[in-house]
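Here the structure comes first, spelled out in structure tokens, and everything after it is commentary.
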Amino acid sequence: MGETVHTDVVCPFCGLGCDDITLKVDGTKVTAAEGVCGRAAALFRRSGAPAPSPRVGGRDVSFDEAVAEAAKRLSGARSIAYAGLATDVDGVRAVLKLAGKTGGSVDHYASEGMFRNLASSQRKGWVATTFAEVRNRADLFVVVGPDPLKSYHRLYDRVTPAKGRFLKGPRRVVFLGGEPTKESLSQLEGSIVDVIKVAEGGLVDALSQLATLVADGTPPKAAPELVELAAALKAASYGVLAWSAASLDDEGDLVIERAVSVIDTLNVTTRAAGLPLSGKDNLTGAYHASLWNHGFPLRLGFRDGVSDHDQKAYATENAVKTADLVVWTSAFRPERPPASGAAVIAIAHPDTTFEREPDVFIPVGQPGLDHQGLAFRADSVVGLPLRRHRDAGLKSVAEIVTLISEARA
């Protein structure tokens, strides 16, 4: 049929939900047009080579044989860890339904940062904002900790352009405890950019001082830069503190808690909000689907048809230690399953390379390329409709998991 061009394609990988991607599709070959961030270009790219066959024990088999073997192993397992969970909302719902039948734990492979955020919101609550509100209204944007651009490649281009709909002057962006990359500075051209350096391990203390300062207190030995930032936040029309929980160190929970304290105090007299960044590979959609269906967030456990939630026991790294079977789903990228001594059913990206050959491997289609679906943006408020752009003969996670469940029955 020749090459076709697909415009306004939604990128589902990092959680920003960029919807201006252009793909060129020639048969099953896919390339992204120039201007797309490097990660999206690499993850959308397909060579046009046929997808690998399903495998059982390293041996090529038919799709039906792989499904039958997966169902057999599920029926014989005593303790199952459903991990990865990187798929669209329908795929997540199918995995949850299967886990409810077989028992086992369910977690998303990128959930660690999300639970750092949840720990603070559960203890104190918080005021959070959206990408659109930041883009249109935030005159002061404070990046707490390491520059998130490494994970969110178009963050400043998409969320903090120099001009916003309701901004009266240039936007100011302050990096507190992190250094902006060259790419960040390029995206922030036209904005006022400042950097406040913080000693290694001193971010919690810096935020504690900032919280005292915005409350009109006088902390001992407050750095002049923090005194000035506190005054600027109090004078701002709409100040925002943003952080990427996954990039914070072992004190990440305290960093987030202190940032939330700053925001709480500011909201007594002005308007301020937080922008917690997470949401890789539809993590946010998986979180929502778990709440919708079972009333608990991720790190969910099933036993005898009853579900419960335990952030420690059902975290993937702990669940795989006692599991005799790991069911790994990763449809967005060739992410490897965690190392464990358990048998592995991998419903995974066709390009996945494994440290240890899984007991069952079924290549899966990518949401937003091989089939339609729904994914959620990192700020939780927008569900992104993903469209199909080629036919490579690859089924979705939802289709595969449903077939395995039916075969098991």
Side-chain angles (χ1 to χ4, degrees), residues 51-108 282 285-286 288-290 292-294 296 298 300-307 314 319 323-332 337 342-350 352 357-375 386 388 391-409:
S53 298
R55 298 192 298 268
V56 171
R59 176 177 58 88
D60 288 353
V61 298
S62 69
F63 177 82
D64 290 342
E65 287 178 275
V67 167
E69 181 64 22
K72 178 182 176 182
R73 288 183 175 272
L74 280 167
S75 295
R78 299 185 306 276
S79 178
I80 306 171
Y82 290 90
L85 209 63
T87 179
D88 63 318
V89 168
D90 281 345
V92 173
R93 293 178 69 181
V95 172
L96 289 169
K97 187 174 182 180
L98 179 58
K101 290 181 177 180
T102 64
S105 64
V106 183
D107 187 24
H108 193 287
N282 198 33
H288 286 318
S290 181
W292 297 333
N293 286 274
H294 298 285
F296 293 113
L298 293 172
L300 189 67
F302 294 91
R303 182 179 296 175
D304 299 327
V306 178
S307 60
Y314 300 142
D324 60 348
L325 178 64
V326 173
V327 179
W328 176 256
T329 52
S330 183
F332 291 108
V344 175
I345 297 171
I347 304 169
H349 192 288
T352 307
E357 175 66 22
D359 298 84
V360 180
F361 166 59
I362 303 177
V364 70
Q366 177 190 302
L369 181 62
D370 296 303
H371 63 87
Q372 65 182 21
L374 180 71
L386 308 175
R388 183 186 187 190
D391 182 5
L394 294 167
K395 296 184 182 297
S396 69
V397 168
E399 290 174 308
I400 294 168
V401 170
T402 299
L403 288 170
I404 291 172
S405 181
E406 291 172 351
R408 179 182 172 277

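Remember, predicted model here, so these are calculated numbers, not experimental data. One is the number of the first residue; the rest follow in order along the sequence.
Among residues two or more places apart in sequence or in another chain, the ring-ring contact (aromatic ring centres under 6.0 Å, His included) test is passed with His294 by Phe302. In this view, Phe361 and Phe354 satisfy the ring-ring contact (aromatic ring centres under 6.0 Å, His included) rule, not counting sequence neighbours.
In this structure, the side chain of Asp359 engages the main chain of Val344 through a donor-acceptor pair within 3.5 Å. The main-chain N or O of Ala286 is never found under 3.5 Å from a side-chain atom of Ser290 such that the two would form a donor-acceptor pair.
Residues Ser307 and Phe296 meet the side-chain proximity criterion, which asks for heavy atoms closer than 4.5 Å. A heavy-atom distance below 4.5 Å is not found between the side chains of Tyr82 and Val401. Using a 4.5 Å cut-off on side-chain heavy atoms (C-beta onward), Glu65 and Val56 make no contact. Ile362 is listed as a side-chain neighbour of Phe63, based on a closest heavy-atom distance under 4.5 Å. Counting only heavy atoms from C-beta outward, the side chains of Leu374 and Asp88 never approach each other to under 4.5 Å. Within the 4.5 Å cutoff, no side-chain heavy atoms of Thr329 are placed close to those of Val364. Taking the side chain as every heavy atom from C-beta outward, Val327 and Leu98 never approach each other to under 4.5 Å. Val61 places none of its side-chain heavy atoms less than 4.5 Å from the side chain of Glu69.
Sorted by first and then second residue, the pairs that involve residues 361-372 and meet side-chain hydrogen bond (donor to acceptor under 3.5 Å, both in side chains), not counting sequence neighbours, are Arg46-Gln366, Asp370-Arg390.
With rounding to the nearest 0.5 angstrom, the NE2 atom of His349 is 8.0 Å from the OG atom of Ser330. Distance check: Arg59 CZ to Ser53 OG gives 11.5 Å after rounding to the nearest 0.5 Å. To the nearest 0.5 angstrom, Thr402 atom OG1 is 7.0 Å from Lys97 atom NZ. Note that CH2 of Trp328 and OG1 of Thr352 are 9.0 Å apart. Values are rounded to the nearest 0.5 Å. We find the CG-NE2 distance between Leu298 and His288 to be 10.5 Å, quoted to the nearest 0.5 Å. To the nearest 0.5 angstrom, Thr102 atom OG1 is 15.0 Å from Arg73 atom CZ.
Only one option out of Leu325, Ile347, Leu74, Ile345 pairs with Val360 in a side chain to side chain contact (heavy atoms under 4.5 Å, CB included); it is Ile345.
For CZ of Arg93, the number of neighbouring non-hydrogen atoms (other residues, nucleotides, ligands) closer than 6.0 Å is 12 at most.
With hydrogens and angles left out, the side-chain atoms of Ser405 and Lys101 include a donor and acceptor closer than 3.5 Å.
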Going through the distances and angles, do Leu96 and Trp292 end up as a side chain to side chain contact (heavy atoms under 4.5 Å, CB included)? CA-CA 11 Å; Leu96 289 169; Trp292 297 333; over 6 Å; no
